[in-house]
Each structure stands twice: as C-alpha cells, then as structure tokens.
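What follows is one structure encoded as structure tokens, with my remarks underneath.
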Amino acid sequence: MNTEKNISVTLKQSNENDNDAVLSLSSLVTQIKKYFMIWVVISAIAAMFISGLSLLFKTNVSDNKITALVNFSYNGIQSGLAPDGTTLDVNKIKSPSVIETALSSLDMSLNNVESIRRNIFINGVIPNDAMDKISLYQSVYSKGGSSALTAVESLLNIGYYPTYYVITLDYSQTGFDLTTSKQVLDRILRSYQKYFFTTYGYNEALGNSVVAVDYKDYDYPVAIDVFNSMLTNLNDYLSRISSENSDFRSNVTGYSFQELITKIDTLKSADIDSLSSYIFINNVTSNKKLLLTFYKYQVEKIESELKIYQSELDSITNSIDNYEKDNWLIFGEGAEQAGTNYSQASEKYDNLIRQKVEKQKVVSRSKQQISYYNDRIDALNQNNTVSTDDNIKYVEEHLASISSRITELIDIVNKTSDEFYETVTFAHAYNILVPATGAEPTVVTKELLIPILIGEVVIFIIYVVIAFTKALIIDYNALKLKRKRETDVEDDQKELIE
C-alpha cells in the first residue's frame with residue numbers, strides 16, 4: 001500500500017526576522033505586576049526614611065528663652081545710684097540669695113541655683129535722650145570732615161544709666177519647662193523686690209540697734225541718758241522721713257509721724273525727766289565716784305569734739321560767704337537794651353547751706369550736752385544724800401516701765417515707716433512692668449514634600465527600568481530561542497530536500 005506524505009515547506013527570507021518584536025507589551029505588564037508590591041514597600045520605607053532624616057536636620061525659629069521687663073523709678077537712678085546714694089548693682093537680681101529665696105518659696109531644690117544664675121542675662125534699655133544723641137553724632141561722623149573727630153569724642157563722652165532692664169532666662173540649660181521657668185523668673189523678680197525694700201527702705205537696723213542696748217548694764221543716771229539718746233535717735237529719724245510726707249498715716253498702726261514724735265516728746269518730758277529728777281534729788285546711784293568720773297570724761301570728750309565741729313562750721317560758713325552765685329545777663333529790647341544781671345544759687349551752694357544747718361545742730365547739741373553733764377557733776381558734788389532701798393526699788397520699777405514703753409514705741413515706728421517706704425516712697429521705685437513671657441519653641445523641619453517626591457520618582461524610575469529590562473531580557477531570550485528553533489527547522493528542511 002503506497003502511503004503518500006504531503007510535506008509543506010515554507011521558505012522564509014532572512015529579512016523576515018527583522019519584523020519580530022524584541023519586547024512585547026504583555027511581558028512588560030507581567031514584570032510590572034511582578035515587582036509592584038516590592039516597589040510599594042520600598043517606596044513607603046523610603047518616604048519614612050527621608051522624613052526621619054529631615055527631622056534630624058530640624059531648625060528652631062524660636063529659642064528656649066523667656067523675658068521680663070523691670071523699671072527703677074526714684075531720685076538718683078538717672079545717675080546710676082541706689083536710693084542710699086551708692087552705685088546700683090542690678091546684677092543683685094540674680095544673686096544666689098535672691099534665687100534661693102525664690103526657689104524656697106516654690107518648694108524647689110536649691111541645687112538649681114547656680115544653673116539659673118548662669119543663664120539669667122540683664123540688659124539695660126538705652127534712654128531715648130541718649131539714643132537721640134548717639135544717632136546725631138553717628139550722623140555727623142558718617143558725613144566725615146573736620147567734625148567727624150569731634151563727633152567720635154562726643155560719642156565716647158555720652159554717659160547714660162538705664163532705668164529699664166530686660167531680664168532674660170535661657171531655661172534650656174536649667175532643665176525646666178516653659179511653665180516652670182516662668183514661675184521661677186517671676187518669683188525671682190518678686191524676691192528681688194523684697195531685697196530692694198529691705199536694703200534701701202526698711203529701718204529694721206535702727207530698731208534692732210536701739211533694742212540691743214540694755215539699760216541694766218549702766219548706773220541709774222546713765223540709764224536715763226541711754227533712754228534719752230534712744231528717743232533722740234527715733235525723733236531725728238521720724239523728723240527726717242516726716243519731711244518727705246507729713247500727711248502720711250499708717251493703716252497698720254493708725255499713727256502719723258507727727259503723732260509718734262509727740263509720743264516721744266511726752267515720754268521724755270513726763271516720764272524720763274521726772275524719773276531723772278527723782279534720781280538726782282535722792283542721789284540714787286550704785287557708784288557715785290565712778291559716775292562722777294564718767295561725767296567728767298564725757299565733758300572732756302564732747303569739748304574736744306566741739307572744737308572740731310566748730311572748725312568745720314566756720315569753714316562751711318566761710319565757703320558760703322565767698323561763694324559766687326551763677327550770674328545770668330538778660331538783654332532786653334528798646335529801653336531795656338542795657339540788660340539786667342540776675343544771680344542764681346547752684347546745687348553746690350544749696351548743699352553748703354544744708355551742711356551748715358546740720359553742723360549748727362551738732363554744735364548746739366554738743367554745747368547742751370556739756371552744760372547737762374556739768375550740771376550733773378555739780379549736783380552730785382553738792383548732794384550727800386544716801387539713797388534707800390525704797391528709792392532704788394522705785395527707780396528700777398520705773399526704768400523697767402520706760403524700757404518697755406520705748407520697746408513698744410520702736411516697734412510702732414518700725415511698722416509705720418515700713419509701710420511708708422513700701423506704699424509711698426518706694427511704691428514705684430522698683431516695678432515689674434512685664435512678667436515673664438515666652439512661647440514654646442517652634443520647631444520647623446525642612447520641606448518634606450520635595451525630597452519625598454524626588455525619592456519616590458527615583459524609585460519609580462528604577463522600578464520601571466528593572467521591569468523593562470527584565471521584560472526585555474525575557475523576550476530577547478524567547479526570541480533568540482525561537483530563532484534558533486526556526487534555524488534548526490530550516491536546516492532540517494534543507495537536508496530533506498537534498
């Protein structure tokens with residue numbers, strides 16, 4: 001049986017291979033799907049990494065600082081002086097004692113005193129008049145010329161003393177947060193206010209020094225002198241502060257200064273003078289001979305001092321007599337063209353007058369004391385009366401009563417003057433104009449969107465390139481295999497034909 005085989009041979013020209021596709025769309029889509037999840041994961045990780053890296057390079061548009069504004073307002077501050085005439089040291093605001101008081105009132109550890117002190121900065125605000133002068137001289141200097149040197153010298157000679165101060169606390173070095181730092185700085189400024197009043201206004205030192213004198217350490221007549229001296233000091237003190245405001249009346253004690261002066265005068269005239277007379281009439285003394293020696297010594301000492309006081313008074317009087325007052329020549333118009341001379345006393349002249357008045361008081365008081373002690377000496381020499389136990393008992397009881405009343409009076413004077421200094425004299429001497437202010441530090445990171453977009457674009461391009469390359473390789477290998485097979489088929493066909 002003859003079997004017929006029909007063999008179909010297809011001859012392809014060599015240029016047909018040029019029309020074969022090297023990369024198919026289906027392969028590209030397959031590779032894109034294959035690496036899609038990997039691309040998503042890597043993109044997410046890259047976005048988080050870029051964001052974290054940006055946070056490492058964050059910048060602060062505000063710092064960890066709080067500020068407050070204080071003001072001093074009293075006579076002398078324009079010259080940089082404290083109320084007592086000494087140089088004002090504003091750095092006392094951050095002194096350890098002031099900071100310790102503030103922290104203690106807040107029940108905070110004192111271990112932070114030094115870190116707070118180191119990070120408080122005090123800067124004075126230049127007064128407007130000084131700033132105007134500086135601006136004027138700077139303008140002249142900038143123009144150059146012969147006046148430039150004069151302007152520089154004038155700039156160097158400008159002296160000013162701030163009355164406003166900016167207090168800054170950098171709390172980043174203290175370990176405090178914003179709220180705590182504000183509380184600490186406000187309390188420091190209030191603690192300094194108490195320090196200021198205590199240092200320059202209160203009269204506790206006067207009261208304490210007077211109370212510290214114990215009359216029992218002296219003979220009875222000398223004890224009377226001690227009381228008189230104490231009351232004289234109080235009287236002088238009250239007269240001085242009463243001259244500042246004679247209408248003041250304390251809400252705490254209910255007394256005015258003049259009423260307190262009257263109480264002192266009454267105590268001296270009605271009680272002390274009466275007891276003094278009793279002591280000398282009855283010759284009440286623990287040691288008459290020693291008392292006479294004491295009085296004679298006092299007379300010699302005061303007479304020696306009086307010579308000095310009198311010499312100083314004569315010198316001041318002579319200076320006043322020879323002092324030339326400032327003359328002003330005022331020219332008029334028309335019939336008044338001849339001009340008129342006026343003399344005006346200067347501050348120095350007024351100061352000389354004040355010195356003379358004070359020195360005259362000292363001289364007058366010294367003369368009175370000499371006369372007083374001489375009278376005592378004469379009385380002791382002429383009186384040979386021997387005091388009895390009843391006399392001594394009477395004197396001791398009255399001395400104790402007077403001492404108690406003086407102590408009570410000193411306490412009233414202290415309370416009254418303290419209130420006066422705090423509410424009148426120094427009511428506006430130190431002011432906290434602006435309490436501690438500040439905001440939480442504002443942290444700004446670099447722009448995140450642009451670096452993230454750039455990163456994501458780069459990753460996407462890499463992802464597409466990988467997918468494209470992978471698809472290209474696969475299709476190229478498939479095409480290469482296909483061509484090899486076609487070549488093998490063609491070779492087989494040629495062999496069959498031959």
Side-chain angles (χ1 to χ4, degrees), residues 47-73 77 80 82 88-128 130-131 134 160-199 428-452 455:
M48 290 187 290
F49 176 77
I50 294 173
S51 299
L53 192 63
S54 298
L55 291 175
L56 292 178
F57 296 96
K58 62 186 179 182
T59 56
N60 291 344
V61 296
S62 63
D63 47 31
N64 299 71
K65 294 179 181 179
I66 54 176
T67 58
L69 180 66
V70 300
N71 163 251
F72 294 91
S73 180
I77 183 60
L88 178 67
D89 184 7
V90 293
N91 286 313
K92 290 294 184 182
I93 292 177
K94 61 176 185 177
S95 65
S97 59
V98 171
I99 297 175
E100 287 176 3
T101 302
L103 293 179
S104 298
S105 65
L106 292 171
D107 295 327
M108 298 178 67
S109 172
L110 299 183
N111 295 331
N112 296 312
V113 171
E114 187 59 24
S115 64
I116 294 174
R117 188 191 67 80
R118 287 198 308 266
N119 291 284
I120 290 180
F121 306 96
I122 304 174
N123 297 300
V125 179
I126 301 177
N128 290 332
M131 182 61 73
I134 293 173
Y160 65 88
Y161 296 93
T163 57
Y164 293 86
Y165 290 87
V166 177
I167 316 298
T168 303
L169 171 60
D170 184 358
Y171 63 90
S172 62
Q173 306 298 322
T174 63
F176 298 143
D177 58 17
L178 176 62
T179 302
T180 304
S181 299
K182 288 181 179 180
Q183 293 176 349
V184 170
L185 184 56
D186 283 338
R187 194 59 60 92
I188 289 174
L189 297 180
R190 286 198 293 270
S191 296
Y192 177 75
Q193 187 174 45
K194 182 178 180 181
Y195 165 85
F196 185 86
F197 287 155
T198 302
T199 303
H428 304 291
Y430 168 77
N431 305 285
I432 303 173
L433 299 181
V434 180
T437 58
E440 292 286 354
T442 303
V443 178
V444 176
T445 59
K446 295 184 180 299
E447 181 60 45
L448 296 179
L449 182 60
I450 293 177
I452 289 177

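From L169, atom CG reaches atom CD1 of I188 across 7.0 Å, with rounding to the nearest 0.5 Å. Taken to the nearest 0.5 Å, the CD1 atom of I66 stands 8.0 Å off from the OG1 atom of T437. The CD1 atom of I120 sits 9.5 Å away from atom OG of S115, with the distance rounded to the nearest 0.5 Å. Note that the CD1 atom of I99 and the OG atom of S191 stand 9.5 Å from one another [nearest 0.5 Å]. Annotation: the span from L88 atom CG to I77 atom CD1 amounts to 4.5 Å, rounded to 0.5 Å. The CD1 atom of I432 sits 11.0 Å away from the CG atom of N71 when rounded to the nearest 0.5 Å.
D177 and T180 share a donor-acceptor pair across their side chains, judged by distance under 3.5 Å alone.
Nearest approach of L189 to A68, heavy atoms of both residues: CD1-CB, 3.6 Å. In terms of heavy atoms, R117 sits closest to K94 at CG-O, 3.1 Å. Between S105 and R187, the shortest heavy-atom distance links the atoms OG-NH1, 3.0 Å. Residues D170 and N64 come closest through the heavy atom pair OD1-O, 3.1 Å. The minimum heavy-atom distance linking L106 with V184 is given by the pair CD1-CA, 4.0 Å. Across every non-hydrogen atom of G124 and Y165, the tightest pair is CA-CD2, 3.5 Å.
Under the 4.5 Å side-chain criterion, counting only non-hydrogen atoms from C-beta, L185 is not in contact with Y171. A 4.5 Å side-chain heavy-atom check between K194 and T101 finds every atom pair outside the cut-off. Here the side chains of I93 and V98 are not in contact, with every heavy-atom distance at 4.5 Å or above. For the pair I116 and L103, the minimum side-chain heavy-atom distance is below 4.5 Å. Using a 4.5 Å cut-off on side-chain heavy atoms (C-beta onward), K92 and T199 make no contact. Contact of the S73 side chain with the T163 side chain is not registered, since no non-hydrogen atoms from C-beta on lie closer than 4.5 Å. Contact of the V70 side chain with the V90 side chain is not registered, since no non-hydrogen atoms from C-beta on lie closer than 4.5 Å.
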Before giving the answer on side-chain contact (heavy atoms from CB on, under 4.5 Å), spell out for T179 and Q183 the whole-Å C-alpha distance, their side-chain angles and the decisive distance to 0.1 Å. CA-CA 6 Å; T179 302; Q183 293 176 349; 4.2 Å; yes
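Ring orientation note: the planes of Y430 and F72 are tilted relative to one another, at an angle of 30° to 60°.
Side chain of D186 to main chain of A436: a donor-acceptor pair is present (N/O by atom type, distance under 3.5 Å, no hydrogens or angles). Although no hydrogens or angles enter the test, the distance criterion places a donor-acceptor pair under 3.5 Å between the side chain of K182 and the main chain of G438.
Each of D107, N111, N112 was checked for a side chain to side chain donor-acceptor pair (under 3.5 Å) with S109, and the lone residue meeting it is N111.
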